[in-house]
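By convention in this document, chain letters (A, B, ...) are assigned in the order of the sequence lines, proteins followed by strands, and residues within each chain are numbered from 1.
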Amino acid sequence: MLDIKLIRDDPEKVKMLLGRRGVGESEIDNILKIDEEMRKILTNLNSLRAERNSISKEIAKLKSAKDENGVNRILERGKSLSDEIKIEEDKLSELQSKLSESMLFIPNIPYEKVPFGKDERDNVEIRRWGDGTKFDFAPQAHWDLGSKRRLMDFERASKISGSRFTILRGDAALMERALVSFMIDLHTSKHGYTEILPPHLVLRQTMVNTGKLPKFEEESYSTTLDDLFLIPTAEVPLSAMHEDEIIDEKDLPLKYVAYTPCYRREAGSYGKDVRGMVRQHQFDKVELVKYTKPEDSYDELESLTHDAEEVLQYLELPYRVIELCTGDIGFVSSRTYDIEVWLPSYNDYKEISSCSNVTDFQARRSNVRIRRAGGDLEFAHTLNGSGLAVGRTLVAIFENYQKKDEKIEVPKVLRPYMGGKTEI
RNA sequence: GGAGAGAUGGCCGAGCGGUCGAAGGCACUUGCCUGCUAAGCAAGCGUGGGAUUUUCCCACCGUGGGUUCAAAUCCCACUCUCUCCGCCA
């Protein structure tokens, strides 16, 4: 959620910045119109209420003076004021809900330095680590290798759950679990994050507060009886859990890491990544979330991205970092780096992490504020990033670490988590 | 699922339907004092919004309705927390 004052005070600038990411000027004009109308009613309502309050006080005074005639003289005015107020209040609340409804569909303002662009083709590569893996034999895609080795079972998964699910078996399941532990351990012990194990079901309001709703309802799994939502990422519970809190600025930044499964309907991605376990309705992810002071958030985005990259460095998997252009950044984000890992089956890099500075966009919706040393209150900034998507990391290991005999070497840092195994 | 208790400012905690935006305490800020991170004294100290913006006004006491000229206070519904019982991994 943007600050309405920002739109009110400098609509042209907001239009210009949001225009870069495809928001039409009419949407902003519409909001300005509703806002103006709403303030007009509010002003009127305020003076009506002021009059009613003074009459009420007057009545109280007359009553204690036992002046029944005086009371009756102004009682009628009080009654009619009350009726008027009720009418104005109804108008106001209607406009208010219209306004907030519109505001909920306005995305975050992109950071000035974000490269202009229309879609992912305009994203900019920032850096590379390692080279595309070379093989002296024909490498296999993980779906072939995994099926042959009975480590991944796509057929049985679809029998019990339909498309876009995978059963991991034996050492593949073990490796998935090892990856989760390795990542969390790295982030807690070396990078200073606090481990959280959050609920996987959240309230509708929590989805709204984190910007996943109302815009992306068709992407979400929900429970009809209770209107709870399966989290699409641990970002949701982590970025919302300080709702309505005031955090002392000396306690910032707060840094959290959480492992959770993520549930996504993947509506509209029918032709994409249909084979293997790259795009699933359920996948494991280790997520990083920070709460920071506004002036620190872009620096914290850099370090968060490095924290995520380091996972790939320890696993010795080649990757690159790209910055998303204005047309490709997510709804809540003002700046985003994607980390892409090398996948031989794609002969290309594939997203394995997305690190974003959300600025105060979620904090405003969730009402997460910081108290400055001087006592002032301000919305916190939140950031999030995958550290990393575990399923895709497993895929990357299968494909980059495969050997001619169809065994898969276990990356050195994972061996302690897998009973010392050097290959599976 | 059943029975009961509760929800008030950063925290604790009062609050007969009418100067209650809310006593008191803690914490915090400022000043004074005391020659040594303590104590004392004084003052200040919630959040959000609107406007004719050095001031005035409005809203907010879990949420949403209702009664009333007037609701933290009365009524209804809901949510959450706690205690006990039942069930249960």
Worksheet, complete the sentence: Contacts of A:K91 meeting salt bridge (Lys or Arg N to Asp or Glu O under 4.0 Å) (sequence neighbours excluded), chain-then-number -> A:E88

Fill in: Rounded distance in Å between the P positions of B:rC11 and B:rG66
30 Å

Discussion item. When the C1' atoms of B:rC76 and B:rG24 are compared, how many Å lie between them, rounded to an integer?
Written reply: 34 Å

Fill in: Donor + acceptor pair across side chains of A:N108, A:S333 (<3.5 Å)
no

Worksheet entry | Backbone N/O of A:D251 and side chain of A:D248: donor-acceptor pair under 3.5 Å | no

Worksheet item: Whole-Å distance between B:rC69 C1' and A:E68 CD?
Response: 13 Å

Practice prompt. For A:H187, check ring-ring contact (aromatic ring centres under 6.0 Å, His included) against everything at least two apart and list the hits.
Written response: A:H191, A:Y193

Worksheet item: Considering residues at least two apart in sequence or located in another chain, which fulfil the side-chain hydrogen bond (donor to acceptor under 3.5 Å, both in side chains) criterion with A:N367?
Response: A:D244, A:R369

Worksheet item: So how far is it from A:K290 NZ to A:D307 CG, rounded to the nearest 0.5 Å?
Response: 5.5 Å

Worksheet item: Got A:L179 and A:I397 here, is their nearest side-chain heavy-atom distance under 4.5 Å?
Response: yes

Worksheet, complete the sentence: So, with a heavy-atom separation below 4.0 Å from RNA chain B, the residues of residues 237-248 of chain A are A:I246

Practice prompt. Stems involving RNA chain B: give each as a range paired with a range, ordered by first number, where a stem means at least three consecutive Watson-Crick or G-U wobble pairs under 3.5 Å.
Written response: B:1-7 with B:79-85, B:10-12 with B:24-26, B:28-32 with B:40-44, B:46-51 with B:55-60, B:62-66 with B:74-78

Item to complete: Answer yes if the side chains of A:E68 and A:N72 hold a donor-acceptor pair under 3.5 Å, and no otherwise.
Response: no

Fill in: Between B:rG46 (P) and A:N367 (CG): distance, integer Å
18 Å

Discussion item. In this structure, how many angstroms lie between the P atom of B:rG46 and the CZ atom of A:R371, rounded?
Written reply: 10 Å

Worksheet entry | Integer angstrom distance from the P of B:rG21 to that of B:rA72 | 8 Å

Practice prompt. Sequence neighbours left out, what passes side chain to side chain contact (heavy atoms under 4.5 Å, CB included) with A:R371? Give chain and number order.
Written response: A:I246, A:L377

Discussion item. Using the P atom as the point on both nucleotides, what is the distance between B:rG44 and B:rU55, in whole Å?
Written reply: 15 Å

Discussion item. Say we look at B:rU29 and B:rC45: how far apart would their P atoms be, to the nearest angstrom?
Written reply: 16 Å

Worksheet item: Are there more than 12 heavy atoms of other residues, nucleotides or ligands under 6.0 Å from atom CZ of A:R8?
Response: yes

Worksheet entry | A:T292 versus A:P253, closest heavy-atom pair with distance | CG2-CB, 4.0 Å

Fill in: Non-hydrogen atoms of A:R21 and A:P110 that approach each other most closely
CD-CD, 3.8 Å

Discussion item. So if I define the base as every atom that isn't primed, P, OP1 or OP2, how would nucleotides 49-63 of chain B read as a B/S/- string at a heavy-atom cutoff under 4.0 Å?
Written reply: BSS-----SSS----

Fill in: Same-atom distance (C1') from B:rG17 to B:rU67, integer angstrom
11 Å

Worksheet item: Between atom CG in A:L62 and atom C1' in B:rA70, what is the gap in whole Å?
Response: 13 Å

Practice prompt. For nucleotides B:rC41 and B:rG25, find the distance between their P atoms and express it as a whole number of Å.
Written response: 11 Å

Tabulate protein N/O versus nucleotide N/O from nucleotides 16-20 of chain B, keeping only pairs under 3.5 Å, one per line.
from   : atom 1 : to    : atom 2 : distance (Å)
B:rG18 : N2     : A:S56 : O      : 3.2

Worksheet entry | Non-hydrogen side-chain atoms of A:I4 and A:M103 separated by less than 4.5 Å | yes

Fill in: RNA chain B contacts among residues 73-81 of chain A, heavy-atom distance under 4.0 Å
A:L75, A:G78, A:K79

Worksheet item: Hey, does the side chain of A:R369 come within less than 4.0 Å of B:rG48's phosphate (OP1/OP2), counting only N and O?
Response: yes

Worksheet, complete the sentence: residues 251-272 of chain A vs ring pair (Phe, Tyr, Trp, His ring centres under 6.0 Å), sequence neighbours excluded, gives A:H242-A:Y256

Discussion item. Taking ring pair (Phe, Tyr, Trp, His ring centres under 6.0 Å) as the cut-off, I'd like each qualifying pair that reaches into residues 94-118 of chain A, sequence neighbours left out, listed once.
Written reply: A:Y111-A:Y298

Discussion item. Between P on B:rG48 and CZ on A:R364, what's the gap in Å once rounded to a whole number?
Written reply: 12 Å

Worksheet item: Within a strict 4.5 Å, meaning less than it, do heavy atoms of the A:V395 and A:V341 side chains meet?
Response: no

Fill in: Whole angstrom value for the distance that separates P of B:rU68 from CD1 of A:I85
15 Å

Worksheet item: Who passes salt bridge (Lys or Arg N to Asp or Glu O under 4.0 Å) against A:R169, sequence neighbours left out?
Response: none

Discussion item. With rounding to the closest Å, how many angstrom separate the P atoms on B:rG31 and B:rC80?
Written reply: 48 Å

Fill in: Integer-rounded Å distance: B:rG10 P and A:D251 CG
16 Å

